[in-house]
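Written out below as structure tokens is the structure these notes cover.
When a ligand or atom number is given, it counts from 1 through the structure's own listing order.
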Amino acid sequence: MAKSLTEQLKTEARTLGADLVGVADLQLLAGIETTPADLLAPFRYAISFAVKLPDTVFEQLVDRPTPLYSQVYQQANALLDTIALRLCSWIEAQGGKALPIPASLPLDMVNFTSHLSAKAVANVAGLGWQGKSLLIITPEFGPRVRLATVLTDLSLLPDAPLKNRCGTCRACTEACVAQAIRNVNVEFHYASREEALDFNKCADKLVREFKNLPLIEKPICGICIKVCPWGRQGRKKHDSS
Ligand code: SF4
Ligand code: SF4
């Protein structure tokens, strides 16, 4: 029953436009910071889904975001929010409860925190691991994805978290335009984002510099996304190596 419902839900998410979808058991996220603090209480699972951004947009990045990257970033967020809304209707039609967590809705613009970390959910849902850049690295598309979440009380079959596969790669550490990445490896997830990244260095670059560039408007960068070999070469290369 749970298996077939989960398969139906994943098919629905893909039909709506998701490129990747997985289910996280919220018990594995016990203690995670949320806003409000009891956000997860009515729910048992979180559905994590991803929309891929076009490779060519990243190929054009040199040392800063471009207006085209800014545009596809915002379009992907809008598509993810539409998928979340439609998935909630689908879940309610099955008799379940559902809450959409938007792709990008920072509640705190200093610390960049939101209702719930989409990256933590994506890791537990088996979409990818948290790389040295703190991005979710998917085996299929590397970090070239945007993510959103739907919380639900439907009886689903959860996926298993992915172990970190960064290994000895230093590509994002060497390319970071703020020298913010510390090149620290972990098996599953970092104890805090400071363990992986000098967050203030990264945030300063994005908020004070990149966000003020013409036609950018959002605190985005894209360089550590561009250089990750999992995004550049995709699953085929890694499967055959
Ligand atoms: S987003 Fe830019 S500044 Fe921040 S870690 Fe990645 S490359 Fe460095
Ligand atoms: S560039 Fe290399 S070290 Fe950085 S997240 Fe990707 S695989 Fe990991």
4.5 Å side-chain heavy-atom contact, [X] and [Y]:
X    : Y    : answer
L135 : W230 : no
R182 : D198 : yes
V23  : L157 : no
L80  : F49  : yes
E209 : L213 : no

Shortest non-hydrogen contact from Q179 toward K201: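 Here Q179 and K201 meet closest at O-NZ, 3.4 Å.
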
Ligand 1 contact on C176 by region, counting heavy-atom pairs under 4.0 Å: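 For C176, the contact with ligand 1 is made by both the backbone and the side chain.
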
Q94 side-chain N/O to W90 backbone N/O, donor-acceptor pair under 3.5 Å: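 Yes, the answer is positive, given that a donor and an acceptor are paired below the 3.5 Å cut-off.
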
Top protein contact for atom 4 (Fe) of ligand 1, by heavy-atom distance: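 In this structure, atom 4 (Fe) of ligand 1 has C202 SG, 2.4 Å as its nearest protein heavy atom.
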
Within less than 2.8 Å of atom 2 (Fe) of ligand 2: protein N, O or S atom count: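 Atoms of protein N, O or S type lying less than 2.8 Å from atom 2 (Fe) of ligand 2 total 1.
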
Test side chain to side chain donor-acceptor pair (under 3.5 Å) applied to T56 and Q60, step by step: CA-CA 6 Å; T56 42; Q60 290 184 345; over 6 Å; no

Atom indices of ligand 1 within 4.0 angstrom of C221 heavy atoms, with elements: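 So the atoms of ligand 1 that pass are 1 (S), 2 (Fe), 7 (S).
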
Option nearest atom 7 (S) of ligand 1 (shortest heavy-atom distance, choices C224, G222, A180, A178):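 Ranked by closest heavy atom to atom 7 (S) of ligand 1, first place is C224.
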
